[in-house]
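Hydrogens, waters and symmetry mates play no part in the numbers below; they use all other heavy atoms, side chains included. Below, read A as the first sequence line, B as the second, and so on, with proteins coming before strands; counting in each chain starts at 1.
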There are 2 protein chains.
Amino acid sequence: MFEAKLNEASLLKKLLDAIKELVTDANFDCNEEGINLQAMDNSHVALVSVLLSHTGFKKYRCDRPIPLGVNITSLQKVLRCAKDDDICTLKSADDADILNIVYEAKNTDRISEYDLKLMDIDSDSLGIPDTDYDARVIMSSSEFARIVRDLSQLGESVRIDVSKEGVRFGADGEAANGSVLLKGKGPIGKVSGGPVSGNSKGEEGSGDGEDEDAQPNGTGDGDEDEEDAEVKKEKTKIKKEKTDDDVDMDEDKDKDEDDEDGEPEVDNDDDDDDEEGSDSKKRKKKAKGSSKPAKKPKTSKGKGKRKSGNDSDDEGEVDSVIIEMNSHVSLTFSLKYLVNFSKTANMHNRVQLYMSNDVPLLVSYDFGPGYVRYYLAPKIGDD
Amino acid sequence: MFEAKLNEASLLKKLLDAIKELVTDANFDCNEEGINLQAMDNSHVALVSVLLSHTGFKKYRCDRPIPLGVNITSLQKVLRCAKDDDICTLKSADDADILNIVYEAKNTDRISEYDLKLMDIDSDSLGIPDTDYDARVIMSSSEFARIVRDLSQLGESVRIDVSKEGVRFGADGEAANGSVLLKGKGPIGKVSGGPVSGNSKGEEGSGDGEDEDAQPNGTGDGDEDEEDAEVKKEKTKIKKEKTDDDVDMDEDKDKDEDDEDGEPEVDNDDDDDDEEGSDSKKRKKKAKGSSKPAKKPKTSKGKGKRKSGNDSDDEGEVDSVIIEMNSHVSLTFSLKYLVNFSKTANMHNRVQLYMSNDVPLLVSYDFGPGYVRYYLAPKIGDD
DNA sequence: CTCTTTGCAG
DNA sequence: CTGCAAAGAG
């Protein structure tokens, strides 16, 4: 027996609107923790992962795990029959091949009941990459939507560069090239854990001393390598899940040693790209002195990470852009997919972009009791 | 000579919007009583019947009956040239082949004049079934529109069941089955007298006593058979015509007198929109609280008719569902047509559904000085 | 001829 | 921003 009562049918409506163009059929895997959905997009390029925690429901019961295989279009048709504020109850017997959906209008006697036919869907066990990322950008989801929508008019791909300068979204097209630079707010944007965030905090206490090491942008380009190297040593990767709390210094340290050897290559590539790609534009990349104590003070360590309290705070003011970066990152993605992802702006006003070179981008909309996440492999070379 | 002056061109605009997808050409049969239009839809499955009583016109003159054959699309083009609140005058000589349409803007000196070419249309004498019905449902026209629109996503047909439980609209489709149950408000829903219509006037005087007989909808399901039997004895079939007034028992009295004054015109059109359009947004429009005394205190009886003010509640609170039933009715209809009919919600915020088993459904939008009615034969068997 | 897509009005 | 209707494609 599975039963979940949602206070606002609109949540599901928005969710379906967000993913309907990526996924046609998917299993809603229900267990005692909540409802999970994982699916590859139709062309198996992107992966979408959704969690609706049981805490987000007014009432939730799931005696044993059940995969509810639904056709997204069909489910959406049923959901369109709900008014946004209807109370929505999903029910299914353990062995049933239908999902019962009931809408109760608040304040009226209208009760609508739908039985959605379920399907058996091979749950291609999707390996969700569990990666540590070199950069995280937290920004307004609507601004992200706007940027990718705008750029999608110019070309098919966008290159996302995260550097000390900020995050740059650039697209080249036949008719025009375009790029959008978001600088990121200083104090909020402090690098967590490693470099970026670490500094911010670190700076406060010990910043002065480190400044020496820090390279103001544009000051010797030659130094880049050096700087990068340092960054890498620190190796503190940004972790997706736990990051919220500690994006964690402690872990960082540990990593430092391990990773070091690790992926210097990538960094270089990026740097190169930057320079090559558009000298003028990117050049300043490193820039901004403030940001830079390339060296991360370990002192910052665990403490301040989460700003007091609220989750929302973690993501900053709705319009602020928070950038955490361990090393420069430069990746190219298909705008078509990003535009699709960005439709999830309906569900939450902040989006997080996790990136490492040559690793799939993670676009994450984390709302209170759940999330919608997308993974998209970068384009390699020219394609 | 025919001449009719309408205070608001919007009435005609809405009428045309409502029927344009069903009818391409039709005769506006004008006589001293008003303007009648009757036509089969293009596929000869549904019948539409419109009356604009002379009382709805600011000025009306028709020396002798004239059929004005118009192409609906052409007339609509002309009507789109009017502002909603323009005073609109239709004129035609007895032998003319054109209809002269003049718009006078209120408060300005703008006068527009159009001559619409008329056509000769075979007036297939349409036999309008004159039936007594076993069930009548009075509900918000926008809610009706919403329901048939929702269900049309699931399948092609809807089964409408009227029972003590209320009225249920059910559709089966490949992807999902759905049903919407409206319980109907008790006190208002008393079976009128002969069940339905007879009472209305009677009640005023003796209303209280009758309540006993009245069955609030949804009360004891078990009793159905018994109740039905009784009801049937009375045999009072629900008649279409006179009902108009009744729709509101109490009000009727008032109405009789009141309406005359006024211009029953369209009053409420706007109201309806709320529900349909966008649930959440508009909701507040009418502002809730005021609207709902679901149960109406009989005390209010005659007086409150138009609720203070504005709303046209003749047919009950705009959101209430009134169900009158002599016997259970279960019929299946093509949703495509119902969806088309439901566009008439623009003209009036309440709709009446008259049904008897195996007889065409009558969907009636009765606004003050006229009506728009649709007849649709039920589907038989599986088709 | 149907279906999908695109543009327009409320 | 949404649904609705006209137009283009398969």
Gap between atoms CG and C1', on B:Asp150 and D:dT2 respectively (whole Å): 14 Å

Distance test, side-chain N/O of B:Arg80 to OP1/OP2 of C:dA9, below 4.0 Å: no

How many Å lie between NZ on B:Lys14 and P on C:dA9, as a whole number? 18 Å

Starting at CG of A:Asp84 and ending at P of D:dC1, how long is that distance when rounded to a whole Å? 14 Å

Indicate yes or no: does B:Arg110 engage B:Glu104 in a salt bridge with an N to O separation below 4.0 Å. no

For B:Glu156 and C:dT2, what is the distance between atoms CD and P respectively, to the nearest whole Å? 12 Å

For atom NZ of B:Lys83 and atom C1' of C:dA9, their distance in whole Å: 16 Å

Sub-4.5 Å side-chain heavy-atom contact between A:Val48 and A:Phe341: no

Among B:Lys13, B:Lys106, B:Lys14, B:Lys58, find the one that has a side chain to side chain donor-acceptor pair (under 3.5 Å) with B:Glu8. B:Lys106

Kindly write out the residues that satisfy side chain to side chain contact (heavy atoms under 4.5 Å, CB included) with A:Ile111, not counting sequence neighbours, or none if the list is empty. A:Val102, B:Lys183

Is a salt bridge present between B:Asp150 and A:Arg80, judged by a nitrogen-to-oxygen distance below 4.0 Å? no

I'd like a table of atom pairs between the protein and nucleotides 4-7 of chain D - only N or O on both sides, under 3.5 Å - with the distance next to each one.
| from | atom 1 | to | atom 2 | distance (Å) |
| --- | --- | --- | --- | --- |
| D:dA5 | OP1 | B:Glu21 | OE2 | 2.3 |
| D:dA5 | OP1 | B:Lys343 | NZ | 3.1 |
| D:dA5 | OP2 | B:Glu21 | OE2 | 3.4 |
| D:dA5 | OP2 | B:Lys343 | NZ | 3.4 |
| D:dA5 | O5' | B:Glu21 | OE2 | 3.4 |

Sequence neighbours excluded, which residues qualify as ring-ring contact (aromatic ring centres under 6.0 Å, His included) partners of B:Phe333? none

